[in-house]
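Some notes on the structure that comes next.
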Number of protein chains: 4
Amino acid sequence: MVNIASTEKIARRREDILQAAITVFADKGYHSASIADMAAILQIGHGTIYRYYKNKKALFDAVINSILQNLATVVQDEPPTTDSLLEYKGQIVRISDRLIAIFQTDRRIARIALYETIDGNNDAADRVTASFSLFARFIQEYMRNGVEKGFLRKNMDQEIAARIVTSMIFETVKAATVEESSELLIARWRDEIIQIMIGGLGA
Amino acid sequence: MVNIASTEKIARRREDILQAAITVFADKGYHSASIADMAAILQIGHGTIYRYYKNKKALFDAVINSILQNLATVVQDEPPTTDSLLEYKGQIVRISDRLIAIFQTDRRIARIALYETIDGNNDAADRVTASFSLFARFIQEYMRNGVEKGFLRKNMDQEIAARIVTSMIFETVKAATVEESSELLIARWRDEIIQIMIGGLGA
Amino acid sequence: MVNIASTEKIARRREDILQAAITVFADKGYHSASIADMAAILQIGHGTIYRYYKNKKALFDAVINSILQNLATVVQDEPPTTDSLLEYKGQIVRISDRLIAIFQTDRRIARIALYETIDGNNDAADRVTASFSLFARFIQEYMRNGVEKGFLRKNMDQEIAARIVTSMIFETVKAATVEESSELLIARWRDEIIQIMIGGLGA
Amino acid sequence: MVNIASTEKIARRREDILQAAITVFADKGYHSASIADMAAILQIGHGTIYRYYKNKKALFDAVINSILQNLATVVQDEPPTTDSLLEYKGQIVRISDRLIAIFQTDRRIARIALYETIDGNNDAADRVTASFSLFARFIQEYMRNGVEKGFLRKNMDQEIAARIVTSMIFETVKAATVEESSELLIARWRDEIIQIMIGGLGA
DNA sequence: GATGAATGAGCCTTCATTCAT
DNA sequence: GATGAATGAAGGCTCATTCAT
């Protein structure tokens, strides 16, 4: 029981540090964020942070992973089994809405997921791109399903169309995550995406 | 007259420094780039750089501005006066192609424009966003024109549709700027964008 | 009785820690050795070590003392009562051999005794010097005995000659403790020392 | 001329830093010595030291090299061409005296050359051993010469005898470098070494 | 008695910026 | 005008030591 309590405490502290890190990374960006900043938020010694994360980079990786896991749930709950364009549309809306919800609930996550990169040769940026890819992969599955079932057009370049749709979704999310975004604005984005997906721009 | 020559020389040096800065910022990212790196490329004393730019941040701002000016020419040459969906389509293709050309001619610019951010509170990122808006504004003009002339659908939310199209274009540009991108791949992107713009995804 | 058992247990743990310390100090040197390393070897909490030794320095001192005690036995078994140059020679050989044996049995001890120093102002180094003096003192007794009995030359500066002989012995020991030393090499050293002691270098 | 002056100034500063480093390393030992200590002695910013030496390790290496160069001159001035035991003896005395002179002139050098090591696996320690080897190599040449010319005994194991003599010399040097050593004491050491080298300990 | 979580002093190192030459 | 030597703020990281459990 002592162990359980202790394990729990350790997990809590790891989580606290993670949260402080998210805050500081979101606020200042990777390079300008300092370990001391995070320690200050938690009012703990900065050495303590190193008991939980090997170094600054590892902590940032943990932040990225945490965010990606968070985002991944959004698509994982949406199986590629819709049977009509209407259902498909609903699915895209749900995904957008849940992404927006996550980012609005925690602006810090939006800051990091949508804008943060480290350096020329880092893999955190690649991992963020990977998150984008994750979404694109799922979206592509939806398309394959739609083409198969006949409610999406056959001549579609599924891989690329998936990435285009993903970019539309993320653009919506970005718009929704901006300071002054309103429910109304978000609705306009959502509607327009749907319109374009269904019938394009043509008259 | 001496002054003219001198002024010219000053301008040339400013430009040299700017180019060196673009190279280094693209290669290492803002934080890892050092003033000394740039001076080394130019084989000048690094103190000299401070005679031409107030500080590192100002130099980066200049880099961003230079790139944005470069990009701006792309849309400025395209008047919102097309008369059919086909012409409109051609315009979008031209814009994409010219953006891609710029980025392929100078990979450094792509690196900085598409991926570089500095900190939480920088305005360079905002400026890039602003440039994105510039594109969106032009695209929106094309749309207003298209709706007016009747070849684009009337119920379109022009502002948002413009931003969505812009994001599709930039996504194409990103794909085209990746190391392994081929002419064929770029063509696939271009085609799919056009397809979606014209008729959406539906069967 | 409980106390006796307990006392014994305490002594055993003190000894375990000492041995772990010898291992780590020998391996990494004083500064790079960490208390945590030692605790890890023993699979005990590193806080525990502080219940047995005041601090890192005290632990190192204990290590040094332990080694010195070990070395001291070598000379203490050799009384200054030999009656001929031949017997004297045998004594020197025995001392060398026993020192070599100790260091070869436990390379860690050699590492620490022959090479380790801490800082400018440490007394551990002084203590090693003191141990060297201990040997010199014994050797000097052998010499006093030899001069008295007439088999060593009378004009000898006994104190200094003793230290010189001690240094020759330790040099042999060092040579013997090197990684690639062989029985043959050790024999060569032993023989040459004897030759020099007996008749010098002259033809 | 400007360059000459500047080069000279740079050399002087490099040397100043080296001297400060020798002082601090001698006083505190490698690990406890801090770059800030050295900068404080010179009353310069500690960043300045990094303009002249890559890092702490490189600075220490420079110190070691400087000392070794210093010591090397001692043997390099003594060619292996003596023609009698007497001349040979004189040579050994000169070497000892010059070593002692160096160490007495600069106690710091003695501290570092005779006692300093870094860690388990460093090469600075090896380099000091190398200095010892350097001396041994020269001494061995003297011996080869002596045996060839017939004034040293033929059955000598030259390599080992050389190292033994080297150790005797260094032991003398150590004794002479101790705080309380007097001219008289040094003379006693020198005389006894000579005695042992010439005729050993036997009566 | 044992533990190991927490702490923070302490140190190396980088590099933007200044300014005397 | 150009230079580059000097500076020191700033920050990552380690680990001996303490002490509540």
Side-chain angles (χ1 to χ4, degrees), chain A residues 2-3 5-6 9-10 13-14 17 31-39 42-59, chain B residues 6 9-10 13 30-40 42-60, chain C residues 6 9-10 13 30-40 42-60, chain D residues 2-3 5-6 9-10 13-14 17 31-39 42-59:
Chain A
V2 175
N3 270 352
S6 163
K9 234 173 115 183
I10 288 177
R13 173 119 315 173
R14 250 188 95 86
I17 292 173
H31 279 98
S32 302
S34 87
I35 296 292
D37 290 334
M38 302 166 194
L42 300 173
Q43 293 185 285
I44 61 175
H46 60 270
T48 304
I49 290 177
Y50 288 90
R51 290 187 54 75
Y52 293 86
Y53 296 92
K54 193 179 182 311
N55 53 34
K56 187 181 179 182
K57 176 68 164 43
L59 181 47
Chain B
S6 161
K9 237 172 110 182
I10 288 177
R13 178 144 285 192
Y30 179 78
H31 280 97
S32 300
S34 84
I35 296 291
D37 289 334
M38 302 165 193
L42 300 174
Q43 294 184 282
I44 62 173
H46 59 270
T48 306
I49 290 177
Y50 285 86
R51 301 193 60 78
Y52 293 86
Y53 294 93
K54 188 177 182 307
N55 54 31
K56 188 180 179 181
K57 177 67 164 44
L59 181 48
F60 186 70
Chain C
S6 161
K9 237 172 110 181
I10 289 177
R13 177 142 289 190
Y30 179 79
H31 280 96
S32 300
S34 87
I35 296 291
D37 290 333
M38 302 166 194
L42 300 173
Q43 294 185 283
I44 62 174
H46 59 270
T48 306
I49 290 177
Y50 285 87
R51 300 194 59 77
Y52 293 87
Y53 295 93
K54 190 178 182 306
N55 54 30
K56 189 180 180 182
K57 177 66 164 42
L59 181 46
F60 186 70
Chain D
V2 175
N3 269 353
S6 164
K9 233 171 117 183
I10 289 177
R13 175 123 307 179
R14 250 188 96 85
I17 292 173
H31 279 97
S32 302
S34 89
I35 296 293
D37 290 334
M38 302 166 195
L42 299 174
Q43 293 186 283
I44 61 174
H46 60 271
T48 304
I49 291 177
Y50 287 88
R51 291 187 54 75
Y52 292 87
Y53 296 92
K54 192 179 183 308
N55 54 30
K56 188 181 178 180
K57 178 67 162 43
L59 181 47

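What you see below is based on every heavy atom in this structure, not just the backbone, and it leaves out hydrogens, waters and symmetry mates.
- With a 3.5 Å ceiling on both atom-pair distances, the Watson-Crick or G-U wobble partner of dA2(F) is dT21(E).
- Counting heavy atoms from C-beta on, the side chains of Ile49(B) and Leu42(B) never come closer than 4.5 Å.
- Remark: Ile44(C) CD1 to Arg13(C) CZ distance equals 5.0 Å, nearest 0.5 Å.
- Computed from coordinates, the Arg14(D) CZ to dA6(F) P distance equals 13 Å when rounded to whole Å.
- Whole-Å rounding puts the Gln43(D) CD to dG8(F) C1' distance at 16 Å.
- Between Lys56(C) atom NZ and dT14(F) atom P the separation is 15 Å, expressed in whole Å.
- Residue contacts shown for Ala58(C) are absent, as no nucleic acid heavy atom lies under 4.0 Å away.
- Here the P atom of nucleotide dG1(F) and the CZ atom of Arg13(B) are 11 Å apart, to the nearest Å.
- Across the interface with DNA chain E, nearest-nucleotide mapping of Lys54(B) and Gly45(A) shows Gly45(A) to be the residue nearer the 5′ end.
- Across the interface with DNA chain E, nearest-nucleotide mapping of Ala33(B) and Ile44(A) shows Ile44(A) to be the residue nearer the 5′ end.
- If you take CZ of Phe60(B) and P of dA16(E), they are 14 Å apart, rounded to a whole angstrom.
- Considering only heavy atoms from C-beta on, Tyr52(A) comes within 4.5 Å of Ile10(A) through its side chain.
- No cation-pi contact links Lys57(B) to Tyr30(B), judged by a cut-off of 6.0 Å to the six-membered ring centre and 45° from its axis.
- Taking only side-chain atoms of Asn55(D), from C-beta outward, the nucleotide of dA16(F), dA5(F), dT13(E) with the closest atom is dT13(E).
- The stretch residues 46-53 of chain A comes close to DNA chain E through His46(A), Gly47(A), Thr48(A), Arg51(A), Tyr52(A), each having a heavy atom under 4.0 Å from the strand.
- Whole-Å rounding puts the Lys57(D) NZ to dT13(E) C1' distance at 16 Å.
- Listed here is the closest heavy atom pair of Asn55(D) and Tyr50(D): CA-CE2, 3.9 Å.
- Considering every non-hydrogen atom in both Lys56(A) and His31(A), the closest pair reads NZ-O, 3.5 Å.
- Distance Asp37(B) CG to dT14(E) C1': 12 Å, rounded to the nearest Å.
- Summarising the geometry of His46(A) relative to Ile35(A), their closest heavy-atom pair is O-CG2, 4.1 Å, with the distance given to 0.1 Å.
- To the nearest angstrom, C1' of dA2(F) lies 16 Å from CD1 of Ile35(B).
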